[in-house]
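Remarks on the structure that follows.
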Amino acid sequence: MPASVVAAAGRLRQAIGRSSSWRGPIPRRFSSEPCPAQAAAVRDAFLSFFRDRHHHRLVPSASVRPRGDPTLLFVNAGMNQFKPIFLGTVDPRSEMAGFRRVANSQKCVRAGGRHNDLEDVGRDLSHHTFFEMLGNWAFGGEYFKEEACSMAWELLTQVYGIPKDKLWISYFGGDPNMKLNPDLESRDIWLSLGVPASHVLSFGPQENFWEMGDTGPCGPCTEIHYDLADGVGTPQLVELWNLVFMQYNREADGSLQPLPQRHVDTGMGLERLVAVLQGRHSTYDTDLFSPLLNAIQQGCGAPPYLGRVGAADEGRTDMAYRVVADHIRTLSVCIADGVSPGMSGAPLVLRRILRRAVRFSTEVLRAPLGFLGSLVPVVVEILGDTYPELQKNSAQIANLVSEDEAAFLASLQRGRRIIDRTLRRLGPSDLFPAEVAWSLSMSGDLGLPLDLIELMLEEKGVRLDSAGLARLAQEEAQHRAQQAEPVQEQGLQLSIHTLGELQHRGVPPTDDSPKYNYHLLPSGGYEFGACEAQVLQLYTEDGTAVASVGEGQRCGLLLDKTNFYAEQGGQASDRGYLVRVGQQDVLFPVARAQVCGGFILHEMVAPDCLKVGDRVQLHVDKAWRLGCMEKHTATHLLNWALRQALGPGTEQRGSHLNPERLRFDVATQAPLTPEQLRAVENTVQKAVGQDEAVYMEEVALAHTAHVPGLRSLDEVYPDPVRVVSVGVPVAHALDPASQAALHTSVELCCGTHLLHTGSIGDLVIIGERQLTKGTTRLLAITGEQAQQAREVGESLAQEVEAAAERLSRGSRDVVEAQRLSKDVGQLTDAVDTAVMPQWQRQELQATLKVLQRRANTAIRKLEMRQAAQKTQELLQRHSAGPLIVDTVSTESLSVLVKVVRQLCEQAPSTSVLLLSPQPLGRVLCACQVAQSATPAFTAEAWALAVCSHMGGKAWGSRMVAQGTGSTADVEAALSTARAYALNQL
């Protein structure tokens with residue numbers, strides 16, 4: 001390599017190694033061809049280029065909520081939605097399976113998890129939590145390196161008019177540890193396109209080898225960088241575009257194996273590209289942000305935004321501008337896609353983002369209350385045409401942001417009071433208690449960020465007990481792990497290589513259409529037909545393909561056809577058994593079925609030998625399947641009933657069902673009221689009572705695109721897709737002119753369903769809770785379980801009514817009143833935990849809350865009356881003096897304290913200590929010292945002296961105290977009390 005190139009490489013490595021923050025204005029020396037100045041035009045030019053010139057299919061951005069990917073908090077790259085293609089697990093019948101050339105603009109959020117830019121946002125001129133990634137993809141070897149590089153170079157230099165001498169290229173220089181050679185193919189392609197050799201430089205795996213994760217598809221990448229410098233001195237480079245060539249798979253043992261099919265995956269940040277094309281100082285100076293920055297200044301009256309960073313940014317004003325502008329974009333996009341601020345996972349990250357935005361807007365920019373919500377229409381104006389879900393949900397986003405902003409400011413005010421009160425109790429060198437900080441934090445009650453708590457304490461010169469806080473965090477993590485829903489055991493999986501081998505051999509996807517072969521008998525029961533199939537392949541637990549398995553061996557079974565439903569779409573997998581044809585006496589129990597790339601794998605422990613080529617007969621567990629069918633059809637009715645009760649815009653957020661119960665997540669503005677829950681149940685019951693027919697039919701996916709009222713989820717559906725319609729034939733339901741889908745349940749669904757709704761029997765919603773603000777989770781049961789739940793509810797309602805009658809009659813004494821109060825408390829516990837209708841639970845809980853309050857009031861009145869009587873008796877026994885020490889007969893420490901208080905009110909100069917003997921030698925104690933008593937004479941010390949004599953304990957303050965002990969000699973305890981008091985007096 002020439003010395004000049006070596007020197008340039010050194011400068012480039014330094015430039016890439018530094019932060020890619022924007023340092024200064026970008027000189028404009030573009031071609032004479034008009035450049036798309038506005039961000040919208042830049043985005044459109046990208047999409048049009050790939051669609052019109054290179055025949056790519058344009059696909060919409062996926063939601064920022066990951067689709068069926070528990071490894072991600074948010075979608076953070078354009079490739080996320082295409083992972084099934086990369087992994088070989090895409091359903092061969094789905095639209096996605098046909099993708100070859102694709103381009104789009106993908107909404108991405110990088111906050112929390114592996115890619116986390118949250119704390120960097122605002123500190124420099126380039127970081128964002130939300131950004132748009134422009135990308136183009138080629139799947140299955142449709143094109144590879146040469147075409148990808150050529151297209152990228154053509155777009156940047158000819159369409160956008162970026163000067164060629166401003167672009168630098170990096171490529172993979174190989175890695176001996178991975179036994180990978182340099183990617184000379186990519187280097188030579190760039191050189192052939194006219195890029196100078198001095199601008200084409202190699203780097204190692206950290207810079208130019210892209211991996212999806214610890215395992216999975218990966219490959220070398222080549223990056224296009226833009227030089228911000230004006231050709232003088234060291235290049236100031238920012239990465240514009242990353243072209244990834246997926247050609248390997250990282251195995252579990254760390255080795256690399258060639259992929260069965262190669263793919264191209266590219267990504268370019270729109271914000272950074274627009275800044276380059278508009279010649280701006282930073283991404284925040286582009287028209288993607290300038291309307292927001294202007295709105296922030298107008299709404300807050302803050303000094304104008306000047307783009308300063310670091311020490312130059314006095315008062316962190318410009319940092320606050322950037323934080324607020326970035327975060328309101330992220331909040332708007334996430335809430336529009338169904339992610340609302342909450343207490344765990346992605347919702348917790350979003351809650352932190354919102355509260356960080358509130359802090360900077362109120363504390364730095366001095367924004368008025370409700371300011372953040374007022375910025376939502378500005379975000380919608382900028383991004384709404386590209387992402388229409390922002391326009392659709394604009395009002396909901398603004399309301400939710402404003403509500404959470406107000407709640408956080410109230411929490412902040414309350415937190416300051418708690419901190420001040422706690423500091424008054426601390427010594428000069430004491431650490432701030434970890435328990436108090438935890439209760440104030442995002443993990444506790446008030447939801448204040450820990451760094452804010454530490455800052456508030458730092459301002460007061462107090463240090464936090466960090467070790468104690470770490471201990472509480474560890475305990476909380478352990479508690480969450482114990483409370484979490486049990487993770488389903490990982491089943492057998494077909495690796496990407498196994499799937500590639502099956503496809504290479506031409507093995508067709510499993511024909512699972514027999515799962516729909518069932519019918520109603522005249523008796524009302526269902527008959528599920530058996531399915532005869534051939535064993536195509538057997539797999540051991542580690543995924544190795546074998547020709548046979550023996551007794552006791554756990555294995556996976558691949559057949560040419562099956563009547564088993566493989567878990568998908570929220571419905572649990574079928575269970576059952578199979579037998580060899582001609583040998584009916586040996587049952588092979590099938591624990592579950594999983595779908596992988598269109599192939600259905602049956603899991604079992606073989607009781608006998610089974611070989612490839614054997615003919616088998618499959619039988620599903622009828623009770624299990626029927627239970628799933630009942631719950632699935634009930635889920636559709638529940639979805640429809642919720643829309644009837646809450647409005648047509650109500651959206652499902654997810655569901656899961658098995659024969660025992662169903663779980664349904666729904667987008668809501670607020671928790672459902674008892675009236676709404678009851679109305680939903682009644683709507684379902686009406687459909688069940690009418691025993692409506694359930695129609696199912698496969699239709700072309702395109703025919704379902706514009707049907708008013710048709711329900712579907714953010715999922716990849718096969719084509720043709722199965723439509724399930726209640727009470728209306730599918731053809732009629734899909735006729736847009738009929739609008740039938742607005743008046744009954746019509747959904748895209750591949751699950752198994754009842755043929756008539758009457759078999760559901762009944763549906764009861766037995767649980768309701770908010771997962772996050774804006775999402776409610778419902779639990780429901782059907783059939784006989786539902787009837788039993790109604791019976792339990794009625795029984796508890798009668799008990800509550802009886803308790804109300806007892807309370808209305810009144811209690812003769814304190815003991816009876818306390819017994820009634822205890823009964824109400826136990827009844828409350830029973831209602832809280834019973835399997836019963838949720839609407840009824842909420843009504844009874846409200847009634848019991850009132851009854852408990854009335855019972856407690858009755859106790860207080862009876863205690864006051866009893867205390868007044870005891871007070872008069874004691875005043876008659878004791879002449880006026882500085883001290884009363886005596887016994888009182890009462891079963892309640894509360895009454896004893898009231899007697900002491902009333903005595904001191906009527907004899908202010910008298911100090912009083914009373915004991916009350918209880919069964920089994922236990923003794924209650926209460927005392928109060930006169931206000932005129934010497935400072936050394938405190939009630940707490942007095943009670944402690946007496947209770948310690950009785951082997952007990954005491955608590956209280958200088959003026960009032962109480963305690964307990966045990967003694968057979970009450971007179972001795974009274975003598976101790978008198979002696980202590982006289983000594984102090």
Side-chain angles (χ1 to χ4, degrees), residues 511-533 559 561-567 569 571-579 581-582 584-585 587-590 592-593 600 602 615-638 640 657-662 684-698 722-733 744-747 749-764 780-788:
D511 174 12
D512 64 346
S513 59
K515 68 189 177 188
Y516 300 126
N517 291 345
Y518 53 88
H519 61 272
L520 267 171
L521 297 171
S523 62
Y526 281 80
E527 182 173 0
F528 302 93
C531 172
E532 189 169 314
L559 307 168
K561 65 173 64 174
T562 183
N563 58 351
F564 275 65
Y565 184 87
E567 178 153 1
Q571 179 175 329
S573 159
D574 274 339
R575 302 189 310 196
Y577 67 93
L578 61 88
V579 296
V581 173
Q584 305 290 320
D585 56 336
L587 303 184
F588 291 76
V590 178
R592 82 173 109 178
I600 294 180
H602 304 72
R615 300 292 299 178
V616 296
Q617 194 177 65
L618 296 100
H619 301 265
V620 298
D621 181 324
K622 295 181 181 180
W624 180 275
R625 164 67 80 84
L626 186 57
C628 288
M629 288 163 54
E630 288 175 2
K631 299 300 185 297
H632 208 150
T633 304
T635 299
H636 283 214
L637 292 178
L638 177 61
W640 173 64
L657 63 98
N658 60 32
E660 295 300 315
R661 63 178 55 186
L662 67 89
V684 175
Q685 281 183 302
K686 182 178 179 182
V688 171
Q690 291 174 344
D691 193 24
E692 296 188 271
V694 180
Y695 298 93
M696 290 162 275
E697 188 178 325
E698 284 194 347
R722 196 169 175 84
V723 178
V724 179
S725 174
V726 175
V728 178
V730 171
H732 181 61
T744 188
S745 170
V746 184
E747 296 194 30
C749 181
C750 299
T752 58
H753 286 270
L754 297 171
L755 302 178
H756 282 83
T757 59
S759 299
I760 295 172
D762 194 2
L763 178 138
V764 169
I781 52 179
T782 62
E784 191 175 328
Q785 286 179 308
Q787 288 296 323
Q788 291 173 352

For [X] and [Y], which heavy atoms make the closest approach, and how far apart are they?
X      : Y      : answer
Val746 : Ala733 : CG2-CB, 3.9 Å
Ala572 : Trp624 : CB-CZ2, 4.4 Å
Lys561 : Ala533 : O-CB, 3.3 Å
Ser725 : Val728 : OG-O, 2.6 Å
Leu637 : Ala687 : CD2-CB, 4.0 Å
Leu587 : Pro589 : O-CD, 3.3 Å

Is the backbone of [Y] close enough, under 3.5 Å, to the side chain of [X] for a donor and an acceptor to pair up by distance?
X      : Y      : value
Ser745 : Trp640 : no
Asp621 : Gly576 : no
Thr744 : Gly727 : no
Asn563 : Gly529 : yes

When you compare the side chain of [Y] with that of [X], does any pair of heavy atoms fall below 4.5 Å?
X      : Y      : result
Leu755 : Tyr526 : yes
Gln785 : Glu660 : yes
Cys749 : His636 : yes
His602 : Thr562 : yes
Thr782 : Lys631 : yes
Leu754 : Ile760 : yes
Asn517 : Cys531 : no
Tyr518 : Arg625 : yes

Side chain to side chain contact (heavy atoms under 4.5 Å, CB included) evaluation trace for Val590 with Arg575
CA-CA 6 Å; Val590 178; Arg575 302 189 310 196; over 6 Å; no
Parallel under 30°, tilted from 30 to 60°, perpendicular over 60°: which one fits the rings of His632 and His753?
tilted
May I ask you to establish whether Arg722 and Tyr516 are in a cation-pi arrangement, using a distance under 6.0 Å from NZ or CZ to the six-membered ring centre and at most 45° from the ring axis?
yes
Rounded distance (nearest 0.5 Å) linking atom [atom1] of [X] with atom [atom2] of [Y]:
X      : Y      : atom1 : atom2 : answer
Leu662 : Leu763 : CG    : CG    : 6.0 Å
Ile600 : Asp512 : CD1   : CG    : 4.0 Å
Asp574 : Tyr565 : CG    : OH    : 9.0 Å
His619 : Tyr577 : NE2   : OH    : 4.5 Å
Leu618 : Lys515 : CG    : NZ    : 14.0 Å
His756 : Thr633 : NE2   : OG1   : 11.5 Å

Do the side-chain N and O atoms of Gln571 and Thr752 include a donor-acceptor pair separated by under 3.5 angstrom?
yes
Verify side chain to side chain contact (heavy atoms under 4.5 Å, CB included) between Val726 and Thr757, making sure each step is shown before the conclusion.
CA-CA 8 Å; Val726 175; Thr757 59; 3.8 Å; yes
Glu784 CD: over 12 foreign heavy atoms closer than 6.0 Å
no
